[in-house]
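Reminder, nothing fancy here: chain letters follow the sequence lines and each chain counts from 1.
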Amino acid sequence: MANSPGVGDRGIRVRMAPSPTGPLHIGTARTSLYNYLFARHVGGTYVLRIEDTDAARGSDEHERDIIDNLHWLGITWDEGPQVAGGEDIGPFGPYHQSQRSSLYAAEAERLLASAQAFRCYCTPEELDAVRREQEERKEPPRYSGRCRNLTDAERDAFETEGRRAAIRFRVPGEVVTFDDLIRGRVEIAAEALGGDRVIVRSDGSPLYHFVVVVDDAAMRITHVIRGEDHLSNTPLHVLLFRALGHDVPVFAHIPLILNPDRTKMSKRRSQTAIRAYREQGYLPEAMVNFLAFLGWSPGTEEEIFALKTLAERFEIEHVHKAGAVFDKDRLDYLNGVYIRSLTDEQLAVRLRSFVPEALDDRGLLAVIPLIKERMVRLADAGELVAFLVEADGEVASRYGPDGLMSPKADAAATAMALTRARTELEATAAEDFAAGELEARCRGAAEALGWKAGDFFKPMRVAITGRTVSPPLFGSMELLGRERCLARIDAALAKLATVVAA
RNA sequence: GCCCCCAUCGUCUAGAGGCCUAGGACGCCACCCUUUCAAGGUGGAGAUCACCGGUUCGAAUCCGGUUGGGGGCACCA
């Protein structure tokens, strides 16, 4: 493939250009990741540029969210804003579009001077009217070209009328060809662009398609890796690069991330904010691994990769062409894999903000072996650990007498078994109150009674944790301690008594 | 409507003309392990490679068409 980059090509410069109109989106995150992996793989430079030209929709808060979550994922860049609100770093700054307006004005002026652009006096209302008529006639919407060749007199007339002119780029009637690293050669007739396109509004503010091109050229971007939704816009960009006298970068349009119904992933149908995943306790390692494999694979059967390995193995040519459905089950699986791969100490640090403060650091570290392989997300720890911090009364309020009974045992039998269990606990000294000892005693008791261990343990589990599903029973009891276990069993016995009596 | 892109198990994918009676992973089912739930182990179901034509000794892989899906068509980004 033409212009295929090689490892060690230091001249390569890529960029990510998020718009702070919302929190970091899954799709933006993956595009950022692919740019990052590509840059690191070839030893190029990665630039972050903030497309904050939409003052109405954009906000500092979103910019902060984007930068913060990019960092969270482990993605780093060489030029751009390092911290939201902080100084931009790099030789081609500023890296905020809102601070580059003079450049856009100057570049638009150049196009005007060379007659590759012209002033258009049509008002948005007039344009709208024309577009509506075209739609009614089932014609593709297209600029009429009314102001394309205005005489000086006509221009003066509009000016004296008080009209403010927008600047339009004169779109030539040719077939634009460009090479895409993923799709190969793409040819699109410029005619499909809908006529001469506005590049600067009548209020003087530049439009996105003009601004990206100006900035990419100014920042010496050599490879533009972006979502496939930009494929149709690319001819316009190519034309603009040429009109401005710049080299055209190499493009790579990556497939879209899809909703389960295979439409472009949207907030409407899916959870799209990276922040939301972070808050639920997805690990950045899992997120990165998952995102990297949505549309790319190393061509082998390995599939657990750290960011660094991903950068070593990533090859843009191996990116798939078709869109990929966001498969949450797979993300969950990967998250579990990464959670289980952490040491207890590492996991404790990550879990701190997800569990109640009432559980101190020692207590947290102690439960981890019991809950580690039961978590899909870090936030799941809260429920798994709840029995430790809940008051005895709260635990008891979670179940009724029926909840304590095994399928085959009635209230009286259950009370008898629980009483026996209580005897075993009471006979265990506080210093011997450990999982191994407790299990041995309770198993012995179950056997003596002729009960299956599982049946015997069920009322105990419910009494101790207030739940039929819990971390391992004896480890849980050890953590809870002798006195609280006895109290909880007493509470359960009391509930049973009300039924037995009746 | 017009333009563009795409098409392998439900999902993510391997596959660069013979290695494919199409491989892996997630999910699903069964069994094993087992104090519940998980985790782990073993096995299984699941894809006539969208369809139709062509090229070739040979096609999931190349070409053309059809169908289906998606994306783009602003003085939004």
Of all the nucleotides listed ([options]), which has the minimum atom distance to the side chain of [X]?
X: A:L207; options: B:rU36, B:rG24, B:rC76; answer: B:rC76
X: A:A166; options: B:rA25, B:rC3, B:rC75; answer: B:rC75
X: A:T263; options: B:rG69, B:rU13, B:rG71; answer: B:rG71

Using a cutoff of under 3.5 Å, can you pull out all pairs of nitrogen or oxygen atoms linking the protein to nucleotides 4-7 of chain B, with atom names and distances?
residue, atom, partner, partner atom, Å
B:rC5, O2', A:R183, NH1, 2.6
B:rC5, O2', A:E228, OE2, 3.1

Could you work out the separation of [N] and [M] based on their [atom1] atoms and round it to a whole Å?
N: B:rA25; M: B:rG41; atom1: P; value: 10 Å
N: B:rG10; M: B:rG72; atom1: P; value: 27 Å
N: B:rU11; M: B:rG70; atom1: P; value: 14 Å
N: B:rA74; M: B:rC28; atom1: C1'; value: 46 Å
N: B:rU61; M: B:rA7; atom1: C1'; value: 14 Å
N: B:rU66; M: B:rC6; atom1: P; value: 16 Å
N: B:rC52; M: B:rA59; atom1: C1'; value: 15 Å
N: B:rC3; M: B:rU8; atom1: C1'; value: 28 Å

Q | Distance-only donor-acceptor test (3.5 Å): side chain A:R131, base B:rA74 | A | no

Q. Taking N and O atoms by type only, does the side chain of A:H318 place a donor or acceptor under 3.5 Å from a partner on the base of B:rA16?
A. yes

(Q) With a 4.0 Å limit, can you tell me whether A:K264 has a side-chain N or O closer than that to the phosphate oxygens OP1/OP2 of B:rG69? (A) no

Q: Apply the test side chain to side chain donor-acceptor pair (under 3.5 Å) to residues A:R461 and A:T465: give CA-CA distance (whole Å), side-chain angles for both, the deciding distance (0.1 Å), then the verdict.
A: CA-CA 6 Å; A:R461 179 185 311 284; A:T465 66; over 6 Å; no

Q.
Can you tell whether the side chains of A:D380 and A:R377 come within less than 4.0 Å, N to carboxylate O?
A. yes

Q | Side-chain H-bond candidate by donor/acceptor type, A:H96 with A:E51, under 3.5 Å | A |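 A:H96 vs A:E51: no donor-acceptor pair found between side chains.
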
Q.
Counting primed atoms plus P, OP1 and OP2 as sugar-phosphate and everything else as base, spell out the protein contacts along nucleotides 41-46 of chain B at 4.0 Å heavy-atom distance: B, S or - for each nucleotide, 5' to 3'.
A. ------

Q.
Mind checking if A:G194 touches a base, just sugar-phosphate, or nothing, with heavy atoms under 4.0 Å?
A.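 No contact.
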
Q) Would A:H209 and A:H237 count as a close aromatic pair, with their ring centres under 6.0 Å? A) yes

(Q) So if I apply the side chain to side chain donor-acceptor pair (under 3.5 Å) rule between A:D196 and each of A:R168, A:R148, A:R170, which one comes out positive? (A) A:R148

